[in-house]
Amino acid sequence: MEEHRAQSGCQLSIVVPLYNEAESLPELIPRLEAVAEQWTGGTYEIWLIDDGSTDGSFEVIRQFHRRNSRIRGIRFRRNYGKSAALAVGFAEAQGQYVVTIDADLQDEPEEIPRLLAKLSEGYDLVSGWKKHRRDPLSKTLPSRLFNAVVSAVSGLRLHDFNCGLKAYRREVVKAVQIYGEMHRYIPALAHWEGFRVTELPVRHHPRKYGRSKFGASRFVKGFLDLLTVLFTTRFLRRPLHLFGSLGVLFAIVGFLIDAYLVIEWAQQRTALSNRPLLFFGLGLIIVGGQLISLGLLGELIVKSSLWQSSYNIAERL
Ligand code: UDP
Ligand code: MG
């Protein structure tokens with residue numbers, strides 16, 4: 001670990017995804033600078049990823065970069081979403097440790113050292129927990145439901161998956177792949193990759209400038225992405241286990257139903273033609289067969305693709 005630090009010469013990378021936050025930046029950047037300077041003694045970088053702002057955010061970043069070359073900027077030509085901004089920041093990050101923070105000052109830059117201290121207790125990812133959340137009820141209520149569902153399906157018990165403030169060891173940001181709206185699941189993704197994940201309560205403030213960048217569509221997209229996340233992490237390498245077991249289950253139930261009808265028919269109690277259940281059983285058998293084939297197709301795709309080699313290796317000698 002120490003070797004790596006010497007190699008890259010950068011201890012801390014702060015990654016800030018931002019979309020139309022020109023008003024917050026002049027307050028945010030100096031506070032980040034001060035925290036990073038104090039924690040590293042000067043070996044840090046701050047990556048401001050401008051996700052296609054139209055309010056002159058990047059001009060503000062350019063000004064700060066002129067003054068301090070450790071403040072770096074990337075500007076997307078159009079708005080791709082927070083996950084895209086984070087993914088690009090993660091790819092650029094050189095630091096031993098990586099911290100993400102929203103640009104809107106809802107989280108305090110001054111909390112960063114506490115998160116980093118928690119990492120050194122032996123964690124790979126420390127996620128902020130907005131324990132006293134300063135957002136309208138229309139946001140906090142669905143978010144509680146969201147966190148409960150993700151906790152349940154991911155097996156990782158966290159109160160708050162989607163806090164903008166998080167600290168990572170470098171390996172984590174290089175291992176997780178995020179796109180779509182998947183930034184909400186980073187702790188779950190890291191957990192599935194075998195990293196140690198925990199959370200730490202952080203202070204939270206109402207938005208000072210501008211407005212939230214996410215509308216109601218966040219819920220639909222968020223839950224669809226949960227499906228993708230579940231599917232691509234749990235069943236990525238064994239699609240037949242998912243589709244095959246469902247298919248076999250369907251087919252067996254269908255077969256039992258029809259077998260029962262046939263026995264009754266053989267005993268000449270009823271005619272098959274007036275048993276609607278027959279079609280239900282048939283349907284189950286057919287769909288079951290389809291699901292098994294779908295699983296086999298999945299297996300073929302996995303076998304012929306690169307996915308196989310994407311195991312998260314912790315060490316190599
Ligand atoms: N953001 C972004 N691209 C987007 C939407 C948001 O980079 O398309 C940034 C935004 O500027 C902020 C962070 O992601 O720094 C969180 O967004 P916001 O504060 O609007 O989300 P909320 O706090 O309402 O969940
Ligand atoms: Mg916010």
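What you see is a predicted model; the values in this text were computed from it and never measured. First listed ligand is number 1; within each ligand, the first listed atom is number 1.
For residues 64-86, the ring pair (Phe, Tyr, Trp, His ring centres under 6.0 Å) pairs, not counting sequence neighbours, are Phe76-Tyr80.
For the Mg ion (ligand 2), protein N, O or S atoms under 2.8 Å: 2 in total.
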Donor-acceptor contacts, no H, no angles, side chain residues 281-288, under 3.5 Å, sequence neighbours left out:
none

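A donor and an acceptor atom, one from each side chain of Ser24 and Arg207, are nowhere located under 3.5 Å apart. Trp47 and Glu45 form a side-chain donor-acceptor contact under 3.5 Å, judged by distance and modelled atom types alone.
Taking the charged nitrogens against the carboxylate oxygens, Glu21 and Lys213 do have a contact shorter than 4.0 Å, which makes a salt bridge. Using a cut-off of 4.0 Å between Lys/Arg side-chain N and Asp/Glu carboxylate O, Glu199 and Arg157 are scored as not salt-bridged.
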Just do the salt bridge (charged side-chain N to carboxylate O under 4.0 Å, His left out) check on Glu23 and Lys208 with the steps written out, would you? CA-CA 9 Å; Glu23 287 168 301; Lys208 224 165 159 178; over 6 Å; no
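Around ligand 1, the residues contributing at least one heavy atom under 4.0 Å from the ligand are Pro17, Leu18, Tyr19, Glu21, Asp51, Asn79, Gly81, Lys82, Asp102, Ala103, Asp104, Gln106, Lys139, Arg207, Ser212, Lys213, Phe214, Arg218.
Side chain of Lys174 to backbone of Ala91: a donor-acceptor contact under 3.5 angstrom is found.
Here Phe195 and Tyr168 keep their ring centres 6.0 angstrom or further from each other.
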